[in-house]
Amino acid sequence: MDKKGNVLVEMKDICKQYPGVTALSNVSFTLREGEIHSLCGENGAGKSTLIKILTGYEHKDSGRIFLKGKEIAAETTLEAQRVGISTVYQEVNLCPNLSVAENIFIGRQPTDRFGQISWNRMRRGAVKAMARLNMELDVEAHLEEYSVAVQQMVAIARAVDMEASVLVLDEPTSSLDANEVANLFEVIRRLQRQGMGIIFISHFFEQVFQLSDTITVLRNGHKIGTYDIQEIDRRSLVEKMLGRELAAFTETAEEKQCKKEDKTSVYFRMEGVGKKGMIPPLDVTVEKGTIVGLAGLLGSGRTETARLLFGVDKADSGTFYLGTKKTRNASPQDAIRHGMAFCPENRKTEGLVLEMTVRDNIILALQGKKGMFHLISKRRQRELADEYINKLRIATPGSSQLVGNLSGGNQQKVLLARWLATNPDLFILDEPTRGIDVGAKAEILNLVLKLAKDGKSVMFISSEISEVIRCSDKVYIYKDRHIVGELEGEQVTEERILNCIAESAESSEGQKAGKEKIDGAKT
């Protein structure tokens, strides 16, 4: 694609300061017509701040912005939309209590000649907007009735339908499966051919290199450079993002086996545990000092298993065993008492309290475990917070910083620190690396391995199969909310996992039929 079209957006010397943090320092950025331009950098590098300023969500401290040669200063996202800048943010910011159609047409509802909303035109327009993404669904149903992945596609459909000249996509694929990503990329390329300029932000390197014409790298609020996609390879991109060489992830299956020693005793077991209307009865065993991976497509039942194990959702069938003894996990309090910790998939809505400080978030679970009559002193709170800020290299001006002001990767580290402070025996980690940069990913994956090396047990859920393979001693494979396979040790390969997902057939006996161990003869 020839990128030498007319300049569409030009941002000059943009500066933005938050309390104690320089988010952007004299950053310049150019987008041309018909160009897909990726913004890359670690969490906290300034990517999201830059596009929030462009789209009117945040106000710059200084600098100038031009759209098609005319200076603009959008004070709100609505003003940005009116001049032709449409945005899809990483966190779905639609109204779950409204219908799909109403969400697509918020602020621009079609009307009849009497000025009344034309519900028929809105419905037809919504169906057409979703069809552009090769999706068929009931557009009159409330948005909350659909999964996060579908909600994300609705947000994308809304943005595309606004006939903008600039489309900003901030982590648009984080909740999508492979087919949905392929559909989205097809739409993006069609918009590119029509002359739209597209700003793409993603932590998935393969997607960046598959889709982009140009890459701009930010680091610590500074622009490092802009590169044609043919001028830069993956390793160089990572090193520019980090400002140093990325230590190779050298963990091998053989090394993991050598470190296991005697780690075969059962820590926790679920036998025939399920919940009607949510997930059928299944068996899951977690051994001491091992990492148990849950692999499968979005919605396959991995998160549901984690929520049942931690007592977030109450099982209506089956038995829990702690070691050899029957027990119950009817609530998170039960799970915590049994030595468990849970980092949920959505850290912002289910994990952290964004309006509280880093310190308060870190000590929250420990204080809950101790009870309201055994308050942790302010001095001890500060000591604990500072200890884990240093251990996990959390980038924050101090423990009194609001956790909502941190980048996604640092928020994830705060959530991990909260549970590390309780010294649990089992960590349940649901998508702990989603939406964070390559450096933070490596640190978290290394932490997961260290936990197992120290004798802790880990249940690890990730949509990136490569991460599951790197970390796991054993993998349960999910399809359509059934466990359809189980792999251990050297059997844990991408080919076997994908084959199991693709080849497993529906069975009236569910897990019982699908849960045969895959032996070494199967390839």
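Residue indices begin at 1 and follow the sequence shown.
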Do Glu464 and Ser462 have a side chain donor and acceptor closer than 3.5 Å?
no
Can you spot which of Asp313, Asn346, Asp430 makes a side-chain hydrogen bond (donor to acceptor under 3.5 Å, both in side chains) with Thr303?
Asp430
Considering only heavy atoms from C-beta outward, does the side chain of Val266 approach that of Tyr321 to under 4.5 Å?
no
In sequence, state the C-alpha distance, the side-chain angles, and the governing distance for Lys391 and Leu420, and then conclude on side chain to side chain contact (heavy atoms under 4.5 Å, CB included).
CA-CA 11 Å; Lys391 276 186 177 179; Leu420 285 168; over 6 Å; no
One should read off an interatomic distance between Leu282 CG and Lys275 NZ, to the nearest 0.5 angstrom, of 13.5 Å
Would you confirm whether His37, through its side chain, and Thr30, through its main-chain N or O, come within 3.5 Å as a donor-acceptor pair?
yes
Pairs meeting criterion ring-ring contact (aromatic ring centres under 6.0 Å, His included) with involvement of residues 325-363, two or more places apart:
Phe310-Phe342
Do Ile72 and Glu79 have side chains that get closer than 4.5 Å, going by heavy atoms?
no
Arg302 with Glu431: basic N within carboxylate O range, under 4.0 Å:
yes
Between Lys314 and Ser331, is there a donor-acceptor pair closer than 3.5 Å when you use the side chain of the first and the backbone of the second?
no
For the atom pair CG (Leu364) and OG1 (Thr422), what is the distance rounded to the nearest 0.5 Å?
11.0 Å
Sidechain-backbone polar pair: Asn329 side chain, Leu309 backbone, donor-acceptor under 3.5 Å
yes
Please round to the nearest 0.5 Å and tell me the distance separating atom CG of Leu39 and atom CG of Leu50.
6.0 Å
With side chain to side chain contact (heavy atoms under 4.5 Å, CB included) as the test, would you mind laying out the steps for Glu387 and Leu384 before giving the verdict?
CA-CA 5 Å; Glu387 176 186 350; Leu384 279 170; 4.1 Å; yes
Main-chain N/O of Val414 paired to Arg347 side chain as donor or acceptor, under 3.5 Å
no
Any non-hydrogen side-chain atom of Phe268 less than 4.5 Å from a side-chain atom of Met340?
yes
Correct closest heavy-atom pair for Phe209 and Asp233 would be CZ-C, 3.7 Å
Looking at Ser457 and Glu287, would you say the former's side chain and the latter's main chain have a donor-acceptor pair under 3.5 Å?
yes
Donor-acceptor check, side chain of Ser28 to backbone of Asp13, threshold 3.5 angstrom: yes or no?
yes
Which class fits the ring pair Phe200 and Phe185: parallel under 30°, tilted 30 to 60°, perpendicular over 60°?
perpendicular
Taking atom types as modelled and ignoring hydrogens, do the side chains of Lys474 and Tyr476 form a donor-acceptor contact shorter than 3.5 angstrom?
yes
Within a strict 4.5 Å, meaning less than it, do heavy atoms of the Leu54 and Ile14 side chains meet?
no
Between Arg481 and Ile279, is there a donor-acceptor pair closer than 3.5 Å when you use the side chain of the first and the backbone of the second?
no
Please identify each residue that fulfils ring-ring contact (aromatic ring centres under 6.0 Å, His included) with Tyr388, with sequence neighbours left out.
none
Can you give me the closest heavy-atom contact between Leu445 and Cys471, atom names plus distance?
CD2-SG, 3.7 Å
Shortest non-hydrogen contact from Ile444 to Pro432?
CD1-O, 3.8 Å
Do you know the tightest heavy-atom contact between Thr305 and Tyr478?
OG1-OH, 2.8 Å
Nearest heavy-atom approach of Glu350 to Arg307 is OE2-NH1, 3.5 Å
Strictly distance-based, threshold 3.5 Å: is any side-chain N or O of Lys240 a donor or acceptor partner for the main-chain N or O of Ile224?
no
Salt bridge or not between Asp454 and Lys450? Use side-chain N to carboxylate O under 4.0 Å.
yes
Rounded to the nearest 0.5 Å, the CD1 atom of Ile362 sits from the CZ atom of Arg382 at a distance of 14.0 Å
Looking at CD of Glu231 and CD1 of Ile229, how far apart are the two atoms once the value is rounded to the nearest 0.5 Å?
10.0 Å
Do Lys47 and Asp170 come within less than 4.5 Å of each other through their side chains, counting heavy atoms only?
no
With heavy-atom distances below 4.5 Å as the criterion, would you say the side chains of Arg359 and Ser400 are in contact?
yes
Would you check, one step at a time, whether the test side chain to side chain contact (heavy atoms under 4.5 Å, CB included) holds for Val284 with Ile483?
CA-CA 9 Å; Val284 172; Ile483 294 177; 3.8 Å; yes
Hey, are the side chains of Asn361 and Val353 touching, using non-hydrogen atoms and a 4.5 Å cut-off?
yes
Check whether Lys456 reaches the backbone of Pro424 with its side chain - one donor and one acceptor, N or O, closer than 3.5 Å.
yes
Heavy atoms of other groups near Arg234 CZ, more than 12 under 6.0 Å:
yes
Strictly by modelled atom types, are Gln207 and Thr173 linked by a side-chain donor-acceptor pair under 3.5 Å?
yes
Give, for atom CD1 of Ile428 and atom CG of Leu308, the distance between the pair rounded to the nearest 0.5 Å.
10.5 Å
Closest non-hydrogen atoms of Val468 and Gly293, given as atom of the first, atom of the second and distance, are CG1-CA, 4.2 Å
Is there a donor-acceptor contact under 3.5 Å linking the side chains of Tyr227 and Ser236?
no
Thr22 (side chain) donor-acceptor with Leu24 (main chain) under 3.5 angstrom
no
Working note: Val286 + Met459, criterion side chain to side chain contact (heavy atoms under 4.5 Å, CB included); need CA distance, chi angles, decisive distance, verdict.
CA-CA 8 Å; Val286 180; Met459 178 178 281; 4.2 Å; yes
With a 4.0 Å cut-off, would you call Glu383 and Arg380 a salt bridge?
yes
With Val358, the side-chain contact (heavy atoms from CB on, under 4.5 Å) member among Leu406, Leu352, Leu402, Asn410:
Leu406
Taking the side chain as everything from C-beta on, heavy atoms only, tell me whether Met11 gets closer than 4.5 Å to Val27.
no
